[in-house]
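Naming convention: chains lettered A, B, ... in sequence-line order (proteins, then strands); numbering from 1 in each chain. As the structure is a computational prediction, the values presented were derived from the model and not from experiment.
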Number of protein chains: 2
Amino acid sequence: MVRSRGRIDKRQAILDGAFTVFARQGYAQACVQEIANEAGVAKPTVYNHLTDKATLFRHAMQTAAQTALHERLAALEPLAEPGPDLRATLEEVGHRLLRLHTDDRSCALRRLLYSEITQFPDILDIVTESGPHRLTQAVADRLARLTLAGRLRASDPDRAAEQFMALLTGPLEARSRMGTRRIDDAELHEIARAAVGTFLASFGPADG
Amino acid sequence: MVRSRGRIDKRQAILDGAFTVFARQGYAQACVQEIANEAGVAKPTVYNHLTDKATLFRHAMQTAAQTALHERLAALEPLAEPGPDLRATLEEVGHRLLRLHTDDRSCALRRLLYSEITQFPDILDIVTESGPHRLTQAVADRLARLTLAGRLRASDPDRAAEQFMALLTGPLEARSRMGTRRIDDAELHEIARAAVGTFLASFGPADG
DNA sequence: AGTATTTTGAACTCATGAGTTCAACAGAGG
DNA sequence: CCTCTGTTGAACTCATGAGTTCAAAATACT
């Protein structure tokens with residue numbers, strides 16, 4: 001078969017292919033040869049760029065986690081300049097987050113994190129720090145601003161953010177059967193609506 | 001070494017030992033010899049009772065899931081006869097659920113479920129049916145009763161139960177860093193209190 | 001005691017896959 | 001054209017672990 005040879009950026013291809021295969025097979029079941037095939041590269045090239053299967057895994061996870069975090073942070077943007085209808089804005093943001101949360105790579109990332117946390121305790125630091133923690137922080141920042149502006153009553157923004165995220169992702173995990181079942185957009189909207197409803201009942205402005 | 005021989009109940013010992021080792025190592029990294037050692041049994045005995053490593057895994061997961069479900073259902077009992085202080089009862093139940101949720105075997109069960117769901121899609125049926133689903137159902141039943149008795153306003157008990165569970169377990173997952181960090185009882189109480197607070201703000205009786 | 005059943009340990013087969021080696025090879029730069 | 005660096009494929013070593021075999025021993029049942 002004819003492949004592009006030479007010193008083109010194989011590294012990124014390898015990391016992408018690695019995550020794809022790890023996501024499909026899990027760490028132990030994934031074999032390096034298959035990763036090489038997926039990346040369109042020879043096996044020694046893989047070892048040339050990343051010494052170990054373990055190193056390969058760590059780097060693949062890190063890249064995937066950073067990508068996921070950036071996507072999520074971008075989804076929060078509407079909260080910076082919320083329109084007159086705060087409920088609608090929150091539902092919009094919630095829906096976007098749910099969409100990202102149901103993404104195949106996101107699900108795979110969570111699965112891999114859960115499964116290999118015993119073998120790779122250090123990955124938790126790499127991923128969590130640029131993962132849910134930072135995201136919840138960012139949400140808390142937004143909620144604090146909104147509280148100062150008198151549009152929310154989140155006296156403890158961190159807890160409010162924590163519960164906002166929980167109300168979104170908790171029901172999702174249960175309904176998607178851990179990412180196994182596909183969930184259509186209508187159901188995502190419904191979950192977001194319900195989450196925002198409960199959230200505002202507790203943290204919304206005094207008049208309703 | 002001197003071991004108890006004969007046809008005493010080795011099967012249960014094998015399943016227990018299997019879950020212990022799977023919990024420690026994950027499916028792929030666990031080796032049958034080690035499971036046999038953990039169970040105080042010879043390797044061929046394991047294959048005598050459970051044909052495969054895969055079969056062994058399935059049965060171990062099923063047993064663990066059933067145990068976990070029973071514990072959780074028992075924790076709901078106070079909701080059957082709630083005292084005059086509904087908030088206190090909910091917090092009590094919430095705290096008990098959190099305790100069970102942070103249990104080592106519980107965390108291991110969730111981890112294994114997440115990690116092997118690709119290799120063993122059928123385990124999801126075995127476990128989920130006797131897992132979170134049934135639990136949320138049971139909570140919904142209780143909430144429906146309380147609503148009929150005029151002590152709650154959960155017009156949709158299923159959604160209320162879903163959110164109640166989410167408010168409990170969501171913050172827990174984040175804070176425990178996926179079961180990595182230990183969480184003391186005080187923090188569990190605090191999470192339960194916060195969860196019930198938000199829950200009652202949305203579903204509590206009209207007067208507060 | 002005597003017979004049937006199960007357990008045991010140890011050694012075995014066999015497949016799989018990580019990581020290496022190496023000679024041939026492609027492309028960039030001089 | 002020639003060299004240097006990175007890539008390739010194929011064959012290799014080596015460790016690990018699933019599942020089996022078997023004769024000896026322990027236990028249960030009568």
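No salt bridge links A:Arg72 with A:Asp103; every basic N to acidic carboxylate O contact stays at or beyond 4.0 Å.
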Query - Reading 5' to 3' through nucleotides 13-20 of chain C, protein heavy-atom contacts under 4.0 Å coded B for base, S for sugar-phosphate only, - for none - result: ----SSBB
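Shown here are the ring-ring contact (aromatic ring centres under 6.0 Å, His included) partners of A:Phe19, two or more places apart in sequence or in another chain: there are none. With sequence neighbours left out, A:Arg24 forms a side chain to side chain contact (heavy atoms under 4.5 Å, CB included) with A:Thr20, A:Val21, A:Glu34, A:Glu38. Here A:His189 pairs with A:His95 under the ring-ring contact (aromatic ring centres under 6.0 Å, His included) rule; sequence neighbours left out. Applying the salt bridge (charged side-chain N to carboxylate O under 4.0 Å, His left out) rule to A:Glu77 yields no partners; only residues at least two apart in sequence or on another chain are considered. By the side chain to side chain contact (heavy atoms under 4.5 Å, CB included) test, A:Ala54 pairs with A:Tyr27, A:Asp52, A:Arg58, A:Phe120, sequence neighbours left out. Among residues two or more places apart in sequence or in another chain, the side chain to side chain contact (heavy atoms under 4.5 Å, CB included) test is passed with B:Thr67 by B:Glu71. In this view, A:Glu173 and A:His101, A:Arg110, B:Tyr114 satisfy the side chain to side chain contact (heavy atoms under 4.5 Å, CB included) rule, not counting sequence neighbours.
Summarising the geometry, the separation between CG on A:Asn37 and P on D:dT8 is reported as 11 Å, rounded to the nearest angstrom. Protein atom CG of A:Asn48 is 10 Å distant from nucleotide atom P of D:dT8, rounded to whole Å.
Considering only side-chain N and O atoms, B:His49 lies under 4.0 angstrom from the phosphate OP1 or OP2 of C:dT7.
For the helix from C:dA1-D:dT30 to C:dA28-D:dT3, the rotation axes defined at the first and last 5 base pairs enclose an angle of 30°, given to the nearest 10°.
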